[in-house]
Amino acid sequence: MRKTALSAYITVCTVLLSACSSGSGVSAYWNDVDPTVNESNYPAQRDRFAEFAMLASTSEDKESCAALDRLMKKLRKDEVSYYVYSEWIEAAFYSIKSPSHDPVLFEHAADLMINDGMMPDQAGRIERLRYYNSLNLSGQKCTLPALEAADDSAPLVPGTQGCTILVVDASCRSCIGALSALSGSPGRHIAICFGSPVMPQVPGWEYCTSPDIESVFDIHAAPFYFTVSKDGIVQTTYSIPPQPSFTTPESL
């Protein structure tokens with residue numbers, strides 16, 4: 001009888017501890033961990049951060065931001081490690097090609113990096129990325145630069161129906177494959193092109209250029225797209241086209 005009661009007590013405690021751990025796993029990730037990077041532990045630290053990035057991007061924002069606070073506080077003790085992790089953070093949370101892409105976490109990390117004063121030579125660049133990161137998020141009003149239609153007509157953006165907007169380097173053959181991959185999506189199709197004055201010839205798209213494209217878009221991330229409702233509200237935030245699209249037919 002006493003064994004049964006003890007067993008039940010242990011079971012309850014195990015469940016409670018499990019619940020607590022699952023809720024605080026990411027916020028406690030850097031507890032008792034030295035994140036300092038050196039030549040011998042670089043691969044292991046990189047892999048540890050990659051694991052953290054995936055966990056953070058799928059956890060509650062509050063907990064993930066708390067974990068970032070703890071990590072950055074530790075990194076302030078070593079300037080080299082701080083620089084290394086800043087690159088990992090950018091690649092994980094800012095890059096739309098990353099499986100851990102998370103605008104909220106990058107905004108928080110950028111705020112920390114700018115206010116820490118550890119990388120004054122990078123502050124301007126981080127602010128720029130932070131600005132790009134804040135635009136055209138899901139639920140926001142669509143933000144676009146001034147557009148010039150390739151055929152001298154005024155493109156309807158977003159107009160009376162929803163549309164897919166693709167930012168593409170017209171001089172890049174592999175990037176042009178993204179046009180074919182997205183041509184079957186519903187609504188209008190608007191391609192904002194840069195890199196070449198010669199517009200692509202994939203049918204079904206309205207081709208535009210912009211004299212100030214970099215006022216809104218990070219062209220180094222191209223090709224990427226997002227979708228906008230008929231009311232001008234962003235539905236799908238910046239995403240990369242399906243991977244097979246990067247293989248461009250010889251006919252294009």
Side-chain angles (χ1 to χ4, degrees), residues 57 91-104 106 128-129 131-252:
S57 65
F93 300 135
Y94 174 75
S95 173
I96 59 176
K97 298 178 181 179
S98 166
S100 306
H101 173 64
D102 192 307
V104 172
F106 182 74
R128 190 68 176 168
L129 296 183
Y131 168 70
Y132 288 139
N133 179 71
S134 69
L135 299 177
N136 293 316
L137 300 180
S138 180
Q140 287 185 350
K141 191 76 174 177
C142 176
T143 300
L144 295 172
L147 298 178
E148 297 177 351
D151 60 0
D152 296 324
S153 64
L156 300 178
V157 183
T160 57
Q161 62 186 106
C163 62
T164 296
I165 298 176
L166 173 69
V167 178
V168 62
D169 183 349
S171 65
C172 173
R173 286 179 59 83
S174 60
C175 291
I176 292 176
L179 293 161
S180 298
L182 296 171
S183 61
S185 57
R188 304 184 71 87
H189 297 79
I190 299 169
I192 305 176
C193 302
F194 66 94
S196 171
V198 180
M199 294 295 97
Q201 298 302 310
V202 179
W205 288 86
E206 297 178 58
Y207 293 102
C208 311
T209 59
S210 174
D212 61 344
I213 188 171
E214 291 185 76
S215 68
V216 173
F217 300 121
D218 181 358
I219 61 174
H220 300 291
F224 59 89
Y225 75 97
F226 57 107
T227 61
V228 182
S229 72
K230 64 180 182 180
D231 300 317
I233 302 300
V234 176
Q235 295 178 309
T236 302
T237 192
Y238 297 159
S239 304
I240 59 171
Q243 292 298 320
S245 69
F246 297 151
T247 302
T248 306
E250 290 298 322
S251 59
L252 294 180

**Student:** Which atom names give the shortest non-hydrogen contact between Glu214 and Arg128, and what distance separates them?
**Tutor:** O-NH2, 2.5 Å
**Student:** Check whether any side-chain heavy atom of Cys142 sits under 4.5 Å from a side-chain heavy atom of Phe226, and report yes or no.
**Tutor:**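 SC-SC contact between Cys142 and Phe226 confirmed.
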**Student:** So do Ile192 and Leu144 actually touch side chain to side chain, heavy atoms under 4.5 Å?
**Tutor:** yes
**Student:** Could you give me the CA-CA distance, side-chain angles and deciding distance for Cys208 and Ile190, then say whether side chain to side chain contact (heavy atoms under 4.5 Å, CB included) is met?
**Tutor:** CA-CA 7 Å; Cys208 311; Ile190 299 169; 3.9 Å; yes
**Student:** Could you pull out all residues at least two apart from Ser100 that satisfy side-chain contact (heavy atoms from CB on, under 4.5 Å)?
**Tutor:**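 Listed in chain order: Ala53, Met54, Ser57, Ala92, Phe93, Ser98.
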**Student:** Can a side-chain donor-acceptor contact be found between Tyr94 and Asp102 if the only test is distance below 3.5 angstrom?
**Tutor:**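 Asp102 vs Tyr94: no donor-acceptor pair found between side chains.
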**Student:** Identify, with sequence neighbours excluded, every residue that meets ring pair (Phe, Tyr, Trp, His ring centres under 6.0 Å) alongside His189.
**Tutor:**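 By the ring pair (Phe, Tyr, Trp, His ring centres under 6.0 Å) rule, His189 matches Trp205.
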**Student:** Run the side-chain donor-acceptor check on residues 134-141: report pairs under 3.5 Å with partners two or more places apart or on a different chain.
**Tutor:**
| unit_1 | atom_1 | unit_2 | atom_2 | d |
| --- | --- | --- | --- | --- |
| Ser134 | OG | Tyr131 | O | 2.7 |
| Asn136 | OD1 | Thr143 | N | 2.7 |
| Asn136 | ND2 | Thr143 | O | 3.1 |
| Asn136 | ND2 | Tyr238 | OH | 2.8 |
| Ser138 | OG | Gln235 | O | 3.2 |
| Gln140 | OE1 | Asn136 | N | 2.9 |
| Gln140 | OE1 | Leu137 | N | 3.1 |
| Gln140 | NE2 | Ser134 | O | 3.1 |
| Lys141 | NZ | Asp231 | O | 2.9 |

**Student:** Are His220 and Tyr132 close enough that some pair of their side-chain heavy atoms sits under 4.5 Å apart?
**Tutor:**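 Answer no - side chains too far apart.
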**Student:** Side chains of Ile219 and Ile213, heavy atoms from C-beta outward: is any pair under 4.5 Å?
**Tutor:** yes
**Student:** Using every non-hydrogen atom in the two residues, find where Phe224 and Pro241 come nearest and quote the distance to one decimal.
**Tutor:** CA-CD, 4.3 Å
**Student:** Which pairs count as ring-ring contact (aromatic ring centres under 6.0 Å, His included) when at least one residue sits in residues 161-188, sequence neighbours excluded?
**Tutor:**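 Every pair satisfying ring-ring contact (aromatic ring centres under 6.0 Å, His included) with a residue in residues 161-188: there are none.
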**Student:** Which heavy atom in Pro186 sits nearest to a heavy atom in Thr164, and how many Å separate them?
**Tutor:** O-OG1, 4.1 Å
**Student:** Might you point out which heavy atoms bring Asn133 and Pro103 nearest each other, and give the distance in Å?
**Tutor:** ND2-O, 3.0 Å
**Student:** Rounded at 0.5 Å granularity, tell me how far OG1 in Thr237 sits from NE2 in His101.
**Tutor:**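 Those atoms lie 5.5 Å apart.
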**Student:** For Asp169 and Ala222, which heavy atoms make the closest approach, and how far apart are they?
**Tutor:**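 What the structure gives for the nearest pair is N-CB, 4.4 Å.
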**Student:** Drop me the distance from Ile240's CD1 to Lys97's NZ, to the nearest 0.5 angstrom.
**Tutor:**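 So the CD1 of Ile240 and the NZ of Lys97 are separated by 7.0 Å.
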**Student:** Please name all residues satisfying ring pair (Phe, Tyr, Trp, His ring centres under 6.0 Å) with Tyr225, sequence neighbours left out, ordered by chain then number.
**Tutor:**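 Scan of Tyr225 (ring pair (Phe, Tyr, Trp, His ring centres under 6.0 Å), adjacent residues dropped) gives none.
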**Student:** Could you list the residues that satisfy side-chain contact (heavy atoms from CB on, under 4.5 Å) with Ser196, not counting sequence neighbours?
**Tutor:** Ala170, Ser171, Val198
**Student:** Measure across Leu179 and Ala191 and return the closest heavy-atom pair with its distance rounded to 0.1 Å.
**Tutor:**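 Shortest heavy-atom contact: CD2-CB, 3.8 Å.
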**Student:** Using side chain to side chain contact (heavy atoms under 4.5 Å, CB included), reason through Thr227 and Ile165 one step at a time and then give a plain yes or no.
**Tutor:** CA-CA 6 Å; Thr227 61; Ile165 298 176; over 6 Å; no
